[in-house]
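Along the sequence shown, residues carry numbers from 1. Owing to the predicted nature of the structure, the values given are computational and were not obtained by experimental measurement.
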Amino acid sequence: MSTRIAFLKGHGTENDFVIIPDPDNTVELAPATVAALCDRRAGIGGDGLLHVVRSAAHPEARHLADRAEWFMDYRNGDGSVAEMCGNGVRVFARYLQRAGHVGEGDVAVATRGGVKTVHIDKAESGGEITVGMGRALLPEGDVTVSVADRSWPARNVNMGNPHAVAFVADLSEAGNLYDPPPFSPAAAYPDGVNVEFVVDRGPRHVAMRVHERGSGETRSCGTGACAVAVAAARKDGVDPAVTGAPVTYTVDLPGGRLVITERPDGEIEMTGPAVIVAEGEITSEWLETVLA
């Protein structure tokens with residue numbers, strides 16, 4: 001590693017991230033390093049880490065370089081690799097704008113869940129950001145999630161990463177969400193799952209809590225909000241593919257509000273804020289001490 005590593009800190013609806021700009025992919029980010037950086041007491045603190053790399057410089061994204069210059073190499077707070085993070089994509093785009101790599105308008109971002117189209121609104125203080133999240137997959141089969149001695153049926157939704165969406169009477173029924181809620185059958189999610197607990201707040205309006213795989217309960221989850229909107233539309237009988245009309249849900253999370261629209265062709269858009277709050281440098285000496 002170099003003597004000093006630049007970093008920034010950002011959040012989207014209080015889903016927060018350590019940002020490591022590394023265009024040429026020269027910074028080694030082992031899982032233990034990521035976990036140390038995301039530690040809220042001994043490190044910088046974050047639900048995850050956004051490694052900012054040019055697609056052409058990363059072996060997992062070179063095949064996407066002709067479609068997207070930048071690759072979001074996303075890591076969970078425990079250091080594990082993840083396919084996609086909806087709030088993370090918005091913060092990633094805000095960083096690219098701040099660094100002068102992109103301006104207002106559309107930008108393509110490569111992720112392990114595919115290339116996402118991001119639109120940065122024009123505003124003096126930084127407008128909201130809309131992300132084209134692609135289409136949801138709805139694997140067949142019954143899924144159940146549990147907390148303590150209670151269980152609920154859940155909708156299996158894949159947004160490039162796996163989700164189990166359960167509708168409950170009260171969000172307190174989700175418990176503390178420190179640990180992953182058990183689910184069945186195990187074969188439904190061989191690599192673990194993000195679990196959303198949801199309540200209705202009114203017409204096309206829901207609220208949720210989430211346990212994010214590899215991070216625990218977070219203040220917000222963008223892909224989770226999309227999965228919740230898709231599940232709610234099916235529950236409410238307004239599947240856009242059936243009705244022929246787009247449907248929009250307001251999704252309240254502990255950290256703020258996201259607006260999710262699903263179109264008749266299945267394409268999903270997510271709109272919400274993204275904020276950069278700090279920047280600085282990490283010393284390799286600190287990392288060496290922490291990881292010793």
Side-chain angles (χ1 to χ4, degrees), residues 12-13 64 67-68 83-87 89-90 93 104-122 127-143 145 152-169 188-189 193-208 210 220-253 256-274:
T13 51
L64 300 173
R67 297 172 55 197
E83 303 93 338
M84 175 55 187
C85 176
N87 287 318
V89 172
R90 296 201 318 279
E104 290 126 356
D106 292 340
V107 59
V109 175
T111 76
R112 291 185 179 87
V115 175
K116 306 301 177 184
T117 299
V118 182
H119 181 82
I120 303 172
D121 288 346
K122 183 177 181 179
E128 290 199 320
I129 294 178
T130 298
V131 182
M133 299 290 287
R135 294 175 172 85
L137 298 177
L138 299 170
E140 295 182 357
D142 295 331
V143 175
V145 298
W152 298 267
R155 168 74 76 163
N156 189 347
V157 182
N158 193 293
M159 288 298 309
N161 57 357
H163 296 267
V165 180
F167 288 86
V168 297
Y189 304 108
V193 65
N194 306 286
V195 181
E196 289 81 25
F197 293 89
V198 189
V199 295
D200 288 312
R201 290 285 189 239
R204 311 294 181 264
H205 186 185
V206 296
M208 61 175 277
V210 58
S220 180
C221 176
T223 56
C226 293
V228 164
V230 168
R234 276 57 178 176
K235 180 179 73 71
D236 295 341
V238 289
D239 179 351
V242 176
T243 66
V247 62
T248 297
Y249 277 82
T250 298
V251 182
D252 291 337
L253 307 106
R257 174 171 286 180
L258 295 170
V259 177
I260 313 298
T261 297
E262 185 180 7
R263 307 197 180 283
D265 64 359
E267 289 293 328
I268 297 169
E269 291 184 344
M270 172 187 62
T271 299

Are T223 and C85 close enough that some pair of their side-chain heavy atoms sits under 4.5 Å apart? no
For Y189, check ring-ring contact (aromatic ring centres under 6.0 Å, His included) against everything at least two apart and list the hits. F183
Contact check, side chains of V238 and Y249, non-hydrogen atoms, under 4.5 Å: yes
Do T261 and V247 come close enough that some side-chain heavy atom pair is under 4.5 Å? no
Is the shortest heavy-atom distance from the side chain of V118 to the side chain of I129 under 4.5 Å? yes
So do the side chains of V251 and M208 get within less than 4.5 Å of each other, counting heavy atoms only? yes
Rounded to the nearest 0.5 Å, how far does CD1 of I260 lie from CD1 of I268? 8.0 Å
Looking at G244 and P264, what are the two nearest heavy atoms and their distance? O-CG, 3.4 Å
In residues 197-207, what donor-acceptor pairs under 3.5 Å come from side-chain atoms, sequence neighbours left out?
unit_1, atom_1, unit_2, atom_2, d
D200, OD2, K235, NZ, 3.1
H205, NE2, D252, OD2, 2.7

With a 4.0 Å cut-off on N to O distance, would you call E196 and R155 a salt bridge? no
Here the pair of heavy atoms bringing V115 nearest to A68 is CG1-CB, 4.2 Å
Nearest heavy-atom neighbours spanning W152 and A166: CB-CB, 4.1 Å
Can you tell me how far apart CD (E269) and CZ (R263) are? Round to the nearest 0.5 Å. 4.0 Å
Spacing of CZ belonging to R234 relative to CG belonging to D239, to within rounding of 0.5 Å: 3.5 Å
Should R90 and E128 count as an ion pair when the cut-off is N to O under 4.0 Å? no
Name of the residue among L253, T271, T250 meeting side chain to side chain contact (heavy atoms under 4.5 Å, CB included) with L258: L253
Let me see the working for R135 and E262 under salt bridge (Lys or Arg N to Asp or Glu O under 4.0 Å), right down to the final yes or no. CA-CA 9 Å; R135 294 175 172 85; E262 185 180 7; over 6 Å; no
So V89 and T111, side chain to side chain contact (heavy atoms under 4.5 Å, CB included) or not? Walk me through it. CA-CA 9 Å; V89 172; T111 76; 4.3 Å; yes
So, taking the atom named CG in L64 and the one named CZ in R112, what distance separates them when rounded to the nearest 0.5 Å? 11.0 Å
Which heavy atom in A136 sits nearest to a heavy atom in M159, and how many Å separate them? CB-SD, 3.6 Å
Got T248 and V259 here, is their nearest side-chain heavy-atom distance under 4.5 Å? yes
Report yes if the side chains of C226 and H163 come closer than 4.5 Å at any heavy-atom pair, otherwise no. no
Between A188 and V143, which heavy-atom pair has the shortest distance, and what is it? CB-CG2, 4.1 Å
From CA spacing to verdict: side chain to side chain contact (heavy atoms under 4.5 Å, CB included), E267, M133: CA-CA 7 Å; E267 289 293 328; M133 299 290 287; over 6 Å; no
Which heavy atom of N87 sits nearest a heavy atom of G222, and at what distance? ND2-N, 3.1 Å
How about N194 and N161: do any of their side-chain heavy atoms sit closer than 4.5 Å? yes
